[in-house]
Each structure stands twice: as C-alpha cells, then as structure tokens.
**Student:** 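I have a structure I would like to understand better, so I am pasting it below and will then ask my questions one at a time.
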Amino acid sequence: MKPTIINFEPLGDARGSLVAIESDIGIPFPIRRVYYIFGTKEGVERGFHAHKDLQQIAVAVTGSCEMILDDGEEQKSVLLDRSTKGLYIGPGFWRVMCNFTPDCVLLVLADRHYDESDYIRSYDEFLEWKKK
Ligand code: TYD
C-alpha cells in the first residue's frame, strides 16, 4: 500500500476536540507500539532509514513537521500539520523527517514491537534491498 493520508474524525463539542484511534478500525493494522518524537531541536533532521516490514501511521498532534518519503525512485514530501491528519507509511520507504516546529509532537502508531533487525539504515543497502 502506498503512503496515504488518513483523516481522523475529530469528535468535537463545546469543550474542544478529541481524536480516537483504535487498532484495526479505520487504520489498516493492529497497533502494537506507540511512540512520539518531541522537543526536536531547530534544524534537526531524523529518520534516515527504511523498514522491511513495519507499517506506521504518523500524526503531528501539535505543531508540524515534514516527512520525506523515498521509494528508491522518487521522493515525496508530506507536511504533517494537523492533529487529524495521519500519514500511513508501509514497508520499503526511506524516510527523513525535518522542519520540525519547536512545539511539534509527532505521534507514531506501529504494527510491530521495536526490532532493530527490521531497519535498513544505509541508503545504498536500501537501494540494493529494493532491487530484490
Ligand atoms: P531512531 O531510530 O534514531 O529515531 P529516528 O529514526 O526516528 O530518528 O531512534 C532513537 C533511539 O530510540 C534509538 O536508540 C532506538 C530507540 N527506539 C526504541 O528503543 N524504540 C522505538 O520504538 C524507537 C522508534 C526507537
């Protein structure tokens, strides 16, 4: 599945808004891990890896950042700038996250536990892996 925007429905009332995300409901995988990136220093770029199997959805719950995805042939940049805007990222995409606003909290939902063996951390290795 290609990178896709998943818009979460805000459940709003006079008090404000709320987004609920449930495993396998409205998202294409069971959630096994949640992590968030915050306090990112100015000018920092992170990521620089791809995953062999992992599926993820990233949401900037506050602030914004840019997610650059590369399938080995072309790059696509997605601005994550809304707490209702999720970006689905399947396996096989080299990713770089950049342009974090100081207040950015990037929430990531993942379908697997942390497993370093699922990472490809060299871009050359990624291109080789894509050819297989
Ligand atoms: P890292 O992979 O460098 O983050 P990113 O690629 O998103 O910039 O992760 C930073 C550290 O956190 C690294 O030591 C691995 C560890 N980590 C976990 O222990 N569990 C996790 O779920 C994640 C995403 C990272």
Side-chain angles (χ1 to χ4, degrees):
M1 189 171 146
K2 282 185 182 173
T4 310
I5 299 293
I6 298 176
N7 288 305
F8 299 114
E9 190 192 344
L11 307 172
D13 60 26
R15 298 170 297 171
S17 299
L18 181 156
V19 168
I21 306 171
E22 296 188 38
S23 202
D24 281 319
I25 301 179
I27 65 166
F29 58 75
I31 300 167
R32 295 223 170 73
R33 177 162 55 106
V34 175
Y35 64 92
Y36 43 98
I37 293 170
F38 61 102
T40 308
K41 303 283 184 283
E42 201 182 335
V44 163
E45 299 188 333
R46 1 187 0 148
F48 299 96
H49 64 255
H51 288 281
K52 298 173 190 166
D53 287 309
L54 189 72
Q55 302 182 82
Q56 293 178 299
I57 292 174
V59 189
V61 292
T62 60
S64 67
C65 67
E66 194 182 341
M67 180 77 76
I68 301 167
L69 297 174
D70 178 341
D71 65 2
E73 290 182 356
E74 41 181 21
Q75 283 192 357
K76 182 179 168 171
S77 166
V78 180
L79 182 65
L80 297 173
D81 60 349
R82 268 187 290 137
S83 43
T84 54
K85 180 179 178 179
L87 174 62
Y88 169 85
I89 309 167
F93 287 89
W94 186 261
R95 82 275 322 265
V96 174
M97 292 157 272
C98 58
N99 291 328
F100 286 85
T101 57
D103 61 341
C104 183
V105 178
L106 183 65
L107 176 74
V108 183
L109 313 173
D111 73 337
R112 289 169 183 241
H113 294 151
Y114 178 73
D115 175 8
E116 189 57 38
S117 70
D118 186 65
Y119 281 73
I120 305 170
R121 292 197 184 268
S122 142
Y123 190 72
D124 288 344
E125 222 177 278
F126 168 65
L127 293 180
E128 282 303 312
W129 181 82
K130 289 295 278 189
K131 282 188 210 158
K132 282 181 198 162

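Keep in mind that this is a model prediction, so the values were computed, not measured. All ligand and atom numbering here is 1-based and tracks the order in the structure. In what follows, residues are counted from 1 in the order of the sequence shown.
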**Student:** Does a side-chain N-to-carboxylate-O contact under 4.0 Å join K130 and E73?
**Tutor:**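 Salt bridge between K130 and E73, a charged N being under 4.0 Å from a carboxylate O: no.
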**Student:** Once the angle between the rings of H49 and H51 is folded into 0 to 90°, is it parallel (under 30°), tilted (30 to 60°) or perpendicular (over 60°)?
**Tutor:**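 The arrangement is perpendicular - the two ring planes meet at more than 60°.
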**Student:** What part of R95 sits under 4.0 Å from ligand 1 if we count only heavy atoms: the side chain, the backbone, both or neither?
**Tutor:**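 It is neither; nothing of R95 touches ligand 1.
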**Student:** Who's the nearest protein heavy-atom neighbour of atom 23 (C) of ligand 1, and how far?
**Tutor:**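 Protein heavy atom at minimum distance: Y114 CD1, 3.7 Å.
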**Student:** Would you tell me whether D103 and T101 have side-chain atoms, one donor and one acceptor, within less than 3.5 Å of each other?
**Tutor:**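 Distance-only check passes for D103 and T101.
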**Student:** Take Y119 and Y114 through the test ring-ring contact (aromatic ring centres under 6.0 Å, His included) and record every step on the way to the result.
**Tutor:** CA-CA 10 Å; Y119 281 73; Y114 178 73; 5.7 Å; yes
**Student:** Considering only heavy atoms of M97, which atoms of ligand 1 have at least one such atom less than 4.0 Å away?
**Tutor:**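 Those atoms are 7 (O).
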**Student:** Can a non-hydrogen atom of Q56 be found less than 4.0 Å from any atom of ligand 1?
**Tutor:**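 Per 4.0 Å heavy-atom rule, Q56 does not contact ligand 1.
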**Student:** Hey, can you tell me if W94 and Y123 have their rings parallel, tilted or perpendicular (30° and 60° cut-offs)?
**Tutor:**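 Rings of W94 and Y123: perpendicular, as their planes differ by over 60°.
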**Student:** Among all protein heavy atoms, pick the one closest to atom 2 (O) of ligand 1 and tell me residue, atom and distance.
**Tutor:**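 Sorting protein heavy atoms by distance from atom 2 (O) of ligand 1 puts R121 NH2, 3.1 Å first.
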**Student:** Given the protein's heavy atoms, is any one of them under 4.0 Å from atom 12 (O) of ligand 1?
**Tutor:**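 So far as the 4.0 Å threshold goes, atom 12 (O) of ligand 1 is out of reach of every protein heavy atom.
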**Student:** For atom 6 (O) of ligand 1, what is the nearest protein heavy atom, given as residue, atom name and distance?
**Tutor:**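 Minimum-distance protein heavy atom for atom 6 (O) of ligand 1 reads H49 CE1, 2.8 Å.
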**Student:** What do we get for R33 next to ligand 1 when only non-hydrogen atoms under 4.0 Å count, side chain, backbone, both or neither?
**Tutor:**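 For R33, only side-chain atoms sit under 4.0 Å from ligand 1.
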**Student:** What is the nearest protein non-hydrogen atom to atom 4 (O) of ligand 1, stated with its residue, atom name and distance?
**Tutor:**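 Looking only at protein heavy atoms, the one closest to atom 4 (O) of ligand 1 is R46 NH2, 3.1 Å.
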**Student:** For residues S23 and L109, determine if any side-chain heavy atom of one lies less than 4.5 Å from a side-chain heavy atom of the other.
**Tutor:**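 No. Closest side-chain heavy atoms not under 4.5 Å.
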**Student:** Atom CZ in R112, atom CZ in R32: separation rounded to 0.5 Å?
**Tutor:**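 Answer for the CZ-CZ pair, R112 versus R32, is 8.0 Å.
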